Amino acid sequence: MDIETSSAIKLFFPNPSLTLVYFEAIANALDAEATDIGIVISIQSFTSPETLNIAITDNGKGFTDESFERFKTLMKPKDGFHKGIGRLVFLNYFENVSISSEWECSRRRFTFKEKFDGKSELDKLNEPVGRTNTKLVFKNFAKDKVKSYDDLRPGNLKEKIISHFLLTLNDLRDRDINFKISIKLETQESNSQKEFFSSDVTISSSDLPKMVHLRIMDETVDAHSHIDMYYYIKSDTLSVAHLQTAVSIDGRTIPINLLESSSIPYGNSAVFIFSSILFAASADTSRQKLVLSGGISERALNSTLRREIGLILADLIPEISKKNEKTEKNSKNNFLIY
């Protein structure tokens with residue numbers, strides 16, 4: 001590659017997570033217009049990380065000459081929204097990734113690893129393949145241990161993937177595009193106490209919450225561009241309070257700390273995701289943090305988003321509205337005091 005790989009990993013991914021491997025592979029598949037993505041995680045036992053292998057397949061467009069040219073050249077994104085470095089996180093956790101891709105009458109195979117030379121084997125097939133197929137096999141786990149069972153359990157990964165790609169998947173559903181993301185764990189040694197055992201789950205449109213959309217205009221943030229707010233709120237007397245606030249950049253959800261979960265009453269959960277051209281390319285290199293451009297005031301933005309969240313919460317959660325009535329004279333942002 002054009003940049004020395006190990007140094008680039010440390011520079012661009014200072015705080016990596018194994019879940020970023022799944023996120024990056026899924027994001028690439030969705031960019032390639034895949035509608036069927038499969039993840040198979042194989043490990044002998046949680047305490048044997050050296051046996052961990054992950055295979056991820058998709059039916060996207062495949063590694064055509066154009067897409068392979070971008071892949072082999074670091075920091076050569078296809079547009080202003082992509083970073084062109086996400087695949088580096090693969091090598092933070094695995095020593096090599098075997099990649100094969102079939103499309104039309106072509107098959108491309110190569111191994112992505114340290115000091116990748118940018119070469120691949122390209123075969124011409126006698127007849128078109130019946131279904132476009134790309135497969136990434138992650139081998140030789142590079143860490144001493146897997147940090148969390150949640151990085152391998154299908155149920156936990158399902159929640160993380162839905163949260164990370166919520167607006168992208170909702171858009172597919174709204175456009176009546178059927179999609180499926182399957183996640184399977186195969187292990188020889190189970191741990192019932194940690195709920196760690198062979199299992200599989202599927203993500204489809206029926207797993208997505210129905211979100212409400214509102215448009216925000218505020219001159220203190222920007223006089224010309226709007227912000228789209230998507231949210232859903234549900235009540236469940238058996239659950240603890242949960243509040244997620246985030247921005248969506250390039251189809252991925254990036255958390256922002258606007259309010260604490262304690263801002264809403266016990267038994268309620270709420271998700272607010274904001275999307276705007278103002279946030280374009282405003283994520284850090286690892287896509288874990290919002291980094292605003294110099295022309296946008298973070299203070300003004302956060303104030304506006306908090307205000308809009310507060311109005312929705314006060315309107316839809318009666319306990320907050322009652323609390324606000326009692327504290328109206330003492331706090332401008334009284335929905336924060338619950």
Side-chain angles (χ1 to χ4, degrees), residues 16-63 71 86-87 89-103 107-113 129-143 145-165 168-169 178-192 194-207:
S17 165
L18 182 55
T19 55
L20 294 182
V21 171
Y22 306 110
F23 292 165
E24 184 62 27
I26 292 172
N28 290 341
L30 294 173
D31 280 345
E33 300 181 10
T35 56
D36 191 348
I37 301 171
I39 302 172
V40 178
I41 304 162
S42 175
I43 189 170
Q44 182 175 324
S45 69
F46 183 79
T47 56
S48 302
E50 70 279 2
T51 66
L52 175 63
N53 288 329
I54 299 175
I56 301 179
T57 59
D58 72 75
N59 65 339
K61 293 180 178 179
F63 269 97
F71 183 93
R87 58 197 173 279
V89 78
F90 295 164
L91 300 185
N92 190 72
Y93 283 93
F94 295 90
E95 293 181 5
N96 59 74
V97 187
S98 298
I99 300 174
S100 62
S101 184
E102 294 182 341
W103 73 99
R107 177 192 295 123
R108 170 169 270 123
R109 291 174 291 182
F110 61 98
T111 299
F112 182 47
K113 59 183 179 180
V129 298
R131 163 189 160 109
T132 302
N133 179 71
T134 296
K135 184 174 185 178
L136 286 69
V137 180
F138 300 81
K139 301 177 180 179
N140 299 327
F141 190 62
K143 303 294 184 181
K145 63 180 180 179
V146 179
K147 287 187 176 181
S148 172
Y149 284 91
D150 289 350
D151 291 335
L152 303 179
R153 287 186 294 221
N156 294 93
L157 291 176
K158 177 176 179 175
E159 293 180 5
K160 291 179 180 180
I161 291 169
I162 290 176
S163 177
H164 193 71
F165 295 101
T168 297
L169 298 179
N178 292 324
F179 68 87
K180 180 179 71 173
I181 302 175
S182 59
I183 311 165
K184 184 177 184 179
L185 170 64
E186 299 174 342
T187 183
Q188 298 177 24
E189 297 182 25
S190 303
N191 186 327
S192 57
K194 297 292 185 179
E195 298 183 347
F196 185 76
F197 44 81
S198 296
S199 59
D200 59 271
V201 298
T202 301
I203 301 171
S204 65
S205 59
S206 62
D207 295 301

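Here the structure is a predicted model, which is why all the values come from computation and not from measurement.
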Under 3.5 Å donor-acceptor, T111 side chain and V97 backbone: no
Point-to-point distance, once rounded to the nearest 0.5 Å, from CG of N140 to CG of L52: 10.5 Å
Spacing of CZ belonging to R87 relative to CG belonging to L136, to within rounding of 0.5 Å: 12.0 Å
Donor-acceptor contact below 3.5 Å, side chain R131 vs main chain N59: no
Worked check of side-chain contact (heavy atoms from CB on, under 4.5 Å) between L30 and I37: CA-CA 9 Å; L30 294 173; I37 301 171; 4.1 Å; yes
Working for side-chain contact (heavy atoms from CB on, under 4.5 Å), residues F196 and E189: CA-CA 9 Å; F196 185 76; E189 297 182 25; over 6 Å; no
T187 to Q44 - nearest heavy-atom pair and separation: OG1-O, 3.1 Å
Nearest non-hydrogen partners of K158 and I203, listed with the distance: CG-CG1, 3.5 Å
Greater than 12 external heavy atoms within 6.0 Å of K160's NZ: yes
Backbone of I56 reached by a side-chain donor or acceptor of Y22 within 3.5 Å: no
Between OG on residue S45 and CG on residue N191, distance to nearest 0.5 Å: 9.5 Å
Flag side-chain contact, heavy atom, 4.5 Å: Y93 against I54: no
Expected output: side-chain D207 to main-chain S204 donor-acceptor under 3.5 Å: yes
Any side-chain heavy-atom pair of K143 and P49 under 4.5 Å: no
Check: K194 and F46 side chains under 4.5 Å, non-hydrogen atoms: no
Residues, nucleotides or ligands: over 12 heavy atoms within 6.0 Å of E50 CD: yes
Ring geometry between F23 and H164 (parallel below 30°, tilted from 30 to 60°, perpendicular above 60°): parallel
Geometric class of the F141/F94 ring pair [parallel <30°, tilted 30-60°, perpendicular >60°]: perpendicular
Nearest heavy atoms of V89 and V21, plus distance in Å: O-CG2, 4.0 Å
Separation of S98 OG from F110 CZ (nearest 0.5 Å): 10.0 Å
Straight-line distance of T134 OG1 to I99 CD1, nearest 0.5 Å: 9.0 Å
Criterion side-chain contact (heavy atoms from CB on, under 4.5 Å) on I26 and I39, from CA distance to verdict: CA-CA 9 Å; I26 292 172; I39 302 172; 4.0 Å; yes
Flag, side chain of T51 to backbone of I43, donor-acceptor distance under 3.5 Å: no
Exercise: identify the closest heavy-atom pair between L152 and I41: O-CD1, 3.6 Å
Reported OG1-to-CG distance for the pair T132 and D36, which is rounded to 0.5 angstrom: 12.0 Å
Crowding at CD, E195 (>12 non-hydrogen neighbours, <6.0 Å): no
G62 to S101 - nearest heavy-atom pair and separation: CA-OG, 3.2 Å
Flag if over 12 foreign heavy atoms under 6.0 Å of NZ, K145: no
NZ/K61: more than 12 non-hydrogen atoms of other groups inside 6.0 Å: no
Note, L185 side chain near L157 side chain (heavy atom, < 4.5 Å): no
Atom of A34, atom of G60 and distance for their closest heavy-atom approach: CB-N, 3.6 Å
Ring centers of F71, F63 separated by less than 6.0 Å: yes
